[in-house]
Undergrad: 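Before we start, here is the structure in question, set down as structure tokens.
Because only heavy atoms are used, hydrogens play no part in the values below, and waters and symmetry mates are left out as well, while side chains stay in. As the structure is a prediction and not an experimental result, all values here were calculated from the model. Residue numbering restarts at 1 for every chain, and letters A, B, ... go by the order of the sequence lines.
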Protein chains: 2
Amino acid sequence: MNKPTTRDLAQAAGVSLATVDRVLNARDGVRLKTIERVNQAVRDLGFVRDISAANLARQKEYKLVFILPDRKDQFIRLIRAAVEEASHTLVQARTRVTVLSVPVNDPHAVAHILDDLSVNDADGVAIMAPETPQVRDAILRLKNKNISVVAFVSNQPNAGCDRFVGINNVAAGRTAATLIGRFLPAQTGDVLVVTDTTQSRDSLERRLGFDQVLLTSFPALRASPSLETYNDPVRTKNALTSILNRAPGVLAIYLVGSDMREVFAALENCGASKDIIVIAHELTSRTKQGLRDGAVDAVITQDVGHLVRSALRVLKAQVDRASLVASQERIRIEIIMLENMPEDDPVPC
Amino acid sequence: MNKPTTRDLAQAAGVSLATVDRVLNARDGVRLKTIERVNQAVRDLGFVRDISAANLARQKEYKLVFILPDRKDQFIRLIRAAVEEASHTLVQARTRVTVLSVPVNDPHAVAHILDDLSVNDADGVAIMAPETPQVRDAILRLKNKNISVVAFVSNQPNAGCDRFVGINNVAAGRTAATLIGRFLPAQTGDVLVVTDTTQSRDSLERRLGFDQVLLTSFPALRASPSLETYNDPVRTKNALTSILNRAPGVLAIYLVGSDMREVFAALENCGASKDIIVIAHELTSRTKQGLRDGAVDAVITQDVGHLVRSALRVLKAQVDRASLVASQERIRIEIIMLENMPEDDPVPC
DNA sequence: TCGGAAATGAGGTGCGTACCTCAAAAATAC
DNA sequence: GTATTTTTGAGGTACGCACCTCATTTCCGA
């Protein structure tokens, strides 16, 4: 009743170990009839190849690469930290993870970096970058080189990625709108939408979902056009101050982007009312602080560690042509309030 | 620049392979000085033991056991399904997972089943059962047999478990209260609290957290004493109907338990107003249905797949005396609304 | 029917580690 | 200094699989 080995297979199929090996590893020089015999034995015995033993024998090393924006905001830092942590524990699993920082606003540069990757450098690539024609084509070239690619955090729907590891941003936007609507029942007023850039697909999708829900479910609330910060503190502060002082006043603010430093600073400076509902994205130390001091009412986030580990599992499975546990790879849209904010200290018993 | 092996270690430390082996596997018969020499070499070379090779050589099989209630409600079923799924993929990782169903309301029976386990049956046990003196002592006996034990879903604070895999139920209760409070700003009225039993520690903790927040943050809302269903449809229906028809009316309902079938049925039957805010626990097909048809406003849940995998990882790490990625084992208190409810179909690209 | 090609078998080596034995060396006690 | 115990070394086998070579068998077509 022990796990069947290749030896058992050979015996069951009435062939030699060499033939079993040829079939299992899809080498040629085996008659179709024989291949079928072996496969039948695989099915009969419920044989599953011992991947660790196989990799040991094969001397295989998984070379996986993360392509991340060279920005320095907290969300990106969290991702880098998570990659660092994961790669640390994966050393023992013959997996080498490297991180490449790219200037994501320069699609040509990104494409160049992707083009420089060869099968010697990488078996799989997780890429977080805005969708552009240059990047899309570079991804297609990667796939032609037989390198697996997953879109990471930002989807690349037309690049033929093997998968998207991230959340549905339309649904995230819908969630934000629902929270604001539910926190402000039966009130009429304005909702201010702030983003870092209206250029990125993520922002657009979130905004789209947000408007869908606000329009249909909470018609008494009116969303403003997206206010762009361009990551400029002064500009942001001036714009916010003038808007917040205008009558009849803003009831809620939706921070669409993941890097809203300037907005938090500006909100503090212009003494925004605590009554204003604020919904932000990504659980960083900044937004945690906001939850704690009441400036932020809820944060919509995706678990960074989960994102990274999922991307690694997906890429590895792709390389092995193995299957995954679907539910494990579903990245959740999490709603965090002060009450369910994860603690930093380890779980006691 | 390749990964150092035990051979490299031996050479670097100026000892033989046998000695390296003795040190790495903590066998005795090695002088302290020699042990230190080898450990120094480990540090110098950055040696990390290749776990897959080690397990291959060791022919080790992890025998892990889940002790689950023999109830048949949806939450338990979800857990069973997740265990099934996980154990399926873990076959290749030399891990055998078995599930034992126990009558959790009979502490002596549970204790008996635990006592029947020996090191031959199990390296680690995840137990989901109410905390009782009998169970607590049985857990202690298990640990004396050198079997690792984690408390699963329900904490066992005094049993000396190696860990608790589950959520902080006080925080979950606080989260429920916050949601209700935020969804009902500036309103005065009653909140009905329904549970299956007030006996379990989980229910008590949730109730505790719920009351904390309601009292301090939303004093205009008054929580009722816990209404117990005893899993009796008729009784539940009668009680609910009479309460809901009473003036001035209930503004919100908090369903504390995980098995609230009777309540959902009763709510439907007595035609409860859709204006009543309903917060439930555990994302099952029943609560999902509630979210979809508007009967439920939010569900507070813990990811069942994550729970199971985490328990397995923790037990395995315990057996190997290996370390874990702390953040990965933190079970999150998730808030699910219609907008961020996970889809059942796989993630597209 | 025979020759050449294709298919298969037998057997070996190695991956990195665990675990075992037995002999030899070193340390310790007397 | 000798006897005894403790440490250490050398070497082997095994785990499940990949990958290689070379000899042998089987197949197919002319």
Undergrad: Name all residues meeting the side-chain contact (heavy atoms from CB on, under 4.5 Å) criterion together with B:Thr98; count only those two or more places apart in sequence or in a different chain, and write none if there are none.
TA: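 By the side-chain contact (heavy atoms from CB on, under 4.5 Å) rule, B:Thr98 matches B:Val65.
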Undergrad: Taking only residues two or more places apart in sequence or in another chain, which ones pass side-chain contact (heavy atoms from CB on, under 4.5 Å) with B:Ala57?
TA: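 Partners of B:Ala57 under the side-chain contact (heavy atoms from CB on, under 4.5 Å) test: none.
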Undergrad: Contact boundaries of DNA chain C with chain A (under 4.0 Å, heavy atoms), 5' to 3'?
TA: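 With heavy atoms of chain A under 4.0 Å away, the range is C:dA7 to C:dG16.
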Undergrad: Mind checking side-chain contact (heavy atoms from CB on, under 4.5 Å) for B:Gln302 and listing every partner two or more places apart, or none if nothing turns up?
TA: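 B:Gln302 satisfies side-chain contact (heavy atoms from CB on, under 4.5 Å) with B:Phe75, B:Val153, B:Ile167, B:Arg206, B:Glu282, B:Leu307, B:Ile331 only.
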Undergrad: Mind checking ring-ring contact (aromatic ring centres under 6.0 Å, His included) for B:Phe66 and listing every partner two or more places apart, or none if nothing turns up?
TA: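 Listed in chain order: B:Phe152.
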Undergrad: Would you mind reading off the distance between B:Leu17 atom CG and D:dT13 atom C1', rounded to a whole angstrom?
TA: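 One finds 14 Å between C1' of D:dT13 and CG of B:Leu17, rounded.
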Undergrad: Could you name each residue pair satisfying salt bridge (charged side-chain N to carboxylate O under 4.0 Å, His left out) that touches residues 110-121 of chain A, not counting sequence neighbours?
TA: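 For residues 110-121 of chain A: A:Asp115-A:Arg141.
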Undergrad: Which pairs, with at least one residue in residues 14-25 of chain A and sequence neighbours excluded, count as a salt bridge (charged side-chain N to carboxylate O under 4.0 Å, His left out)?
TA: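 Those involving residues 14-25 of chain A are A:Asp21-A:Arg27.
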Undergrad: Who are the side-chain contact (heavy atoms from CB on, under 4.5 Å) partners of A:Ala159, not counting sequence neighbours?
TA: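 With sequence neighbours excluded, A:Ala159 shows a side-chain contact (heavy atoms from CB on, under 4.5 Å) to A:Arg136, A:Ile139, A:Gln156, A:Cys161, given in chain and number order.
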Undergrad: Could you list, one pair per line, each protein nitrogen or oxygen that sits under 3.5 Å from a nitrogen or oxygen of nucleotides 5-7 of chain D, together with the distance?
TA:
residue : atom : partner : partner atom : Å
D:dT7   : O3'  : B:Arg31 : NE           : 3.3

Undergrad: Going by salt bridge (charged side-chain N to carboxylate O under 4.0 Å, His left out), name the residues that satisfy it together with B:Arg313, two or more places apart in sequence or in a different chain.
TA: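 Testing B:Arg313 for salt bridge (charged side-chain N to carboxylate O under 4.0 Å, His left out), a comparison that skips the adjacent residues, returns B:Glu329.
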Undergrad: List every contact pair, protein side and nucleotides 16-24 of chain D side both N or O, where the distance is under 3.5 Å.
TA:
residue : atom : partner : partner atom : Å
D:dG16  : OP1  : B:Gln59 : NE2          : 3.4
D:dG16  : N2   : A:Ala53 : O            : 3.3
D:dC17  : OP1  : A:Asp50 : N            : 3.3
D:dC17  : OP2  : A:Thr6  : N            : 2.7
D:dC17  : OP2  : A:Thr6  : OG1          : 3.4
D:dA18  : OP1  : A:Asn25 : OD1          : 3.3
D:dA18  : OP1  : A:Arg49 : NE           : 2.8
D:dA18  : OP1  : A:Arg49 : NH2          : 3.2
D:dA18  : OP1  : A:Arg58 : NH2          : 3.3
D:dA18  : OP2  : A:Asn25 : ND2          : 3.3
D:dC19  : OP2  : A:Arg27 : NH1          : 3.2
D:dC19  : OP2  : A:Arg27 : NH2          : 3.2

Undergrad: Among B:Leu324, B:Leu315, B:Val149, find the residue that satisfies the side-chain contact (heavy atoms from CB on, under 4.5 Å) test when tested with B:Arg163.
TA: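 Single side-chain contact (heavy atoms from CB on, under 4.5 Å) partner of B:Arg163 among B:Leu324, B:Leu315, B:Val149: B:Leu324.
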Undergrad: Can you list everything that forms a salt bridge (charged side-chain N to carboxylate O under 4.0 Å, His left out) with B:Lys143? Sequence neighbours excluded, please.
TA: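 Salt bridge (charged side-chain N to carboxylate O under 4.0 Å, His left out) check on B:Lys143 returns B:Asp162.
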